[in-house]
Amino acid sequence: MNASILIIEDESAIADVLAYALGTEGYATVRCTLGRQGLELMRSNLFALVILDVGLPDMSGFEVCRQARSFTDIPVLFLTARADEVDRIVGLEIGGDDYVTKPFSPREVVARVRVILRRNAARQKPVASWFEVASSRIRFCATPLDLTRYEYLLLSLLLEEPGRIYSREVLMDSIWREALDTSDRTVDTHIKTLRAKIKAVRADLEPIVTHRGMGYSVVNGAER
Ligand code: CA
């Protein structure tokens, strides 16, 4: 997987050095300086890893990590300037994967990143499922999808039986039975917007399959 690395660091000189060092190793990076921006980015994008400064202007890196853990299990590498913060990272269950103390050599950070990503790739294989449905939300590759009511109903129905082909008629009957404003394009239109939202998370995956003249099915995972 070639998802980019998110750097949340308010000191631009440090972010520059990191982005450069990671770039020379083939890692794309995205940067921001505030914890709340970082959380926003993590909610709307799939990153391979986040490098998270503990001392951010708007909130601590610990708090960013704590909040991020409510919606993602992305690996977190903390950057810290103070020895007493290391105790907190190690001692408390903040949910980080590793830490580096400032000042650090960029090479060291890149090495840590590589170790974490390798460990994570091993842990995640085989991919059990792409979608998770929980408390009226659907996550795709660990990223929550922002769905309309009908998109949600449609996708969760398809996910009830991955691989099963649902005809347009069945989908119309199950989901839009009570709806007044429908047409024979309703199912296709919603499939189209769903695909766009899924593509925004992972452009390389196509979990919704069109069966010409028959309907749609969903693939939920790498096994197919
Ligand atoms: Ca800082």
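Side chains included, hydrogens not; waters and symmetry mates left out as well; all remaining heavy atoms used. For ligands, and for the atoms within them, numbers begin at 1 and follow the listed sequence. These figures come from a predicted structure and were not determined experimentally.
Listed here is the closest heavy atom pair of R137 and L145: NH2-O, 3.3 Å.
Here V17 is tied to no hydrophobic group at all, with no ILVMFWY side chain closer than 4.5 Å.
Under 4.0 Å is where a charged nitrogen must lie from a carboxylate oxygen, and between K102 and D53 at least one such pair does.
Between the Ca ion (ligand 1) and the N, O or S atoms of D53, the shortest distance is to OD2. When the N, O or S atoms of D10 are ranked by distance to the Ca ion (ligand 1), OD1 comes first.
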Below 3.5 Å, can you tabulate the donor-acceptor pairs from side chains in residues 103-112 to any protein atom, sequence neighbours excluded?
{"residue": "S105", "atom": "OG", "partner": "E108", "partner atom": "N", "Å": "3.0"}
{"residue": "E108", "atom": "OE2", "partner": "R112", "partner atom": "NH2", "Å": "3.0"}
{"residue": "R112", "atom": "NH1", "partner": "D98", "partner atom": "OD1", "Å": "3.2"}
{"residue": "R112", "atom": "NH1", "partner": "D98", "partner atom": "OD2", "Å": "3.2"}
{"residue": "R112", "atom": "NH1", "partner": "Y99", "partner atom": "O", "Å": "2.7"}

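At a cut-off of 3.0 Å, P57 is not counted among the residues with an N, O or S atom near the Ca ion (ligand 1).
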